[in-house]
Amino acid sequence: MTLILKDIKDGIGVLTLNNPARRNALSLELCAEISAALEDFKTKRVPVIILRAEKNAKVWSAGHDITQLPKVHHDPLAYDSPMETAFRAIQNYPGPVIAMIQGSVWGGATDLAVTCDMAVGDETSAFAITPVKMGLPYNASGIMHFINRVGSNIAKEMFFTAAPVKAERAYHFGILNHLVSSGEIEQFTLELAKSIAANSPLAVSVIKEQFRILSDAHPISPEAFERIQALRRKVYNSGDYEEGIKAFTEKRKPKFQGD
Ligand code: YXS
């Protein structure tokens, strides 16, 4: 079964998350298919991509596949993990990737949505980033995606509460470029993509790369980097992280001890 459906519509690449039975959880396999699909579109010089779920999805994506999170004492969001690799494939794609969001978005999938160059949502869209529910340390690049998109104070509220941000507020915060009705979101997003594709693909791809370089331009000292890693190790070595995963698999609320 292909976990990502690939299509080209009026010259626009369309990637559809295609595992509703698992609420489009970002499994290692699904993330690898996103990266492979982008590679294929790149060889076909597809100028703009839409990333979506099935029509009128209740859940756009349930985030990282929890059953595949590494056990305690291993970094759950390592640089070379398939999810992080897929995020970089989106950032490095030589053309805009537009997230078209219907339904709720959880955890790493919210990071996926804010890693895309733009997002169009409908009234059913909602966004939660949930490491604190899993006792899990998020990673520096992921936190930067949120700071760059919504600013520190909104990003902190999202991370500390893990509460879903509903469509209106997501639009107000800038998670969404456009908030349109579920009846018009497909046509609206396709028209937006086509309006970009009508411009110089070379200029668009170079300007996208300039944005990437400039938004990454937060030089940190080696000491600062090592301190971030030491802080994250403390969390992914913790009993809280172990409890977070256990609670999900046992379908119960986690009881965190804070160590
Ligand atoms: O019981 P079966 O076998 O049918 O499978 C169920 C769920 O176990 C499965 N499923 C998942 N499997 C792995 N990883 C997931 N993230 C995941 N989410 C769901 O899909 C089947 C249907 O799920 P069910 O019955 O709960 O569906 P629902 O429609 O009642 O509820 C949909 C959700 C999304 C509200 C619910 O499934 C849910 O709360 N899922 C977990 C959302 C979440 O906490 N995601 C964060 C994952 S961790 C992550 O992304 C980052 C590492 S971080 O933690 O840092 O944010």
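Counting convention: from 1, in listed order, for ligands and their atoms alike.
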Q. By number and element, which atoms of ligand 1 are closer than 4.0 Å to a non-hydrogen atom of Ala62?
A. 16 (N), 17 (C), 18 (N), 34 (C), 42 (C), 43 (C), 45 (N), 46 (C), 47 (C)
Q: Determine, for Lys246 against Glu242, whether the closest basic-nitrogen to carboxylate-oxygen distance falls under 4.0 angstrom.
A: no
**Q.** Nearest neighbour in protein (non-hydrogen) for atom 49 (C) of ligand 1
**A.** His64 CB, 3.5 Å
Q | Atoms of ligand 1, numbered as shown, that sit under 4.0 Å from any heavy atom of Tyr138 | A | 55 (O)
**Q.** Close-contact set for ligand 1 against Asp65 heavy atoms, below 4.0 Å
**A.** 13 (C), 14 (N)
Q) Counting only non-hydrogen atoms of the protein, does one fall under 4.0 Å from atom 1 (O) of ligand 1? A) yes
Q: Measure the distance from atom 30 (O) of ligand 1 to every protein heavy atom, then report the residue, atom name and distance (to 0.1 Å) of the closest one.
A: Arg23 NH2, 4.7 Å
Q: Would you check if Arg52 and Ile185 make a side-chain contact, meaning some heavy-atom pair closer than 4.5 Å?
A: no
**Q.** atom 36 (C) of ligand 1 protein-contacted (non-hydrogen atom, under 4.0 angstrom)
**A.** no
Q | Shortest protein contact, atom 34 (C) of ligand 1 (heavy atom only) | A | Trp106 NE1, 3.6 Å
Q: Would you mind listing which atoms of ligand 1 come within a distance below 4.0 Å of any non-hydrogen atom of Pro131?
A: 53 (S), 54 (O), 55 (O), 56 (O)
Q | Protein residue, atom and distance nearest to atom 11 (C) of ligand 1, heavy-atom basis | A | Phe248 CZ, 3.8 Å
Q: Check each atom of ligand 1 against the heavy atoms of Gly108 and keep those under 4.0 Å away; list them by number with element.
A: 49 (C), 50 (O), 51 (C), 56 (O)
(Q) Please state which option from Pro137, Ala25, Ala21 has its nearest heavy atom closest to atom 20 (O) of ligand 1. (A) Ala21
(Q) With the threshold set strictly below 4.0 angstrom, can you tell me whether any protein non-hydrogen atom sits that near atom 5 (O) of ligand 1? (A) yes
Side-chain polar contacts of residues 2-14 - donor-acceptor pairs under 3.5 angstrom, sequence neighbours left out - could you list them?
residue: Lys6; atom: NZ; partner: Asp40; partner atom: OD2; Å: 2.8
residue: Asp10; atom: OD2; partner: Lys194; partner atom: NZ; Å: 3.1

Q. With backbone taken as N, CA, C and O and side chain as the heavy atoms from C-beta onward, which portion of Thr130 lies under 4.0 Å from ligand 1: side chain, backbone, both, or neither?
A. both
(Q) Counting only heavy atoms, tell me which of Arg22, Gln68, Lys251 gets closest to atom 3 (O) of ligand 1. (A) Arg22
Q) Side chains of Tyr79 and Arg88: closer than 4.5 Å at any heavy-atom pair? A) yes
Q.
Counting non-hydrogen protein atoms only, what is the nearest one to atom 54 (O) of ligand 1? Give residue, atom name and distance.
A. Met134 CG, 3.3 Å
Q) Nearest non-hydrogen atom to atom 14 (N) of ligand 1 belongs to which of Val59, Leu112, Leu26, Ile66? A) Ile66
Q) Between Asn18 and Thr16, does any side-chain donor sit less than 3.5 Å from a side-chain acceptor? A) no
(Q) Within a 6.0 Å radius of atom NZ on Lys253, are there more than 12 heavy atoms belonging to other residues, nucleotides or ligands? (A) no
(Q) I'd like to know if the side chain of Ser182 pairs up with that of Glu123 as donor and acceptor (distance under 3.5 Å, no hydrogens or angles considered). (A) yes
**Q.** Donor-acceptor side-chain pairing of Gln102 and Glu186 below 3.5 angstrom
**A.** no
Q.
If I compare all heavy atoms of Ala53 with all of Asn24, which pair ends up nearest, and what's the gap?
A. CB-ND2, 3.7 Å
Q: Among Lys208, Glu209, Gln210, find the residue that satisfies the side chain to side chain contact (heavy atoms under 4.5 Å, CB included) test when tested with Arg212.
A: Glu209
Q. Is the shortest distance from atom 39 (O) of ligand 1 to a protein heavy atom below 4.0 Å?
A. no
Q. Considering residues, nucleotides and ligands other than Glu191, do more than 12 of their heavy atoms fall under 6.0 Å from its CD?
A. yes
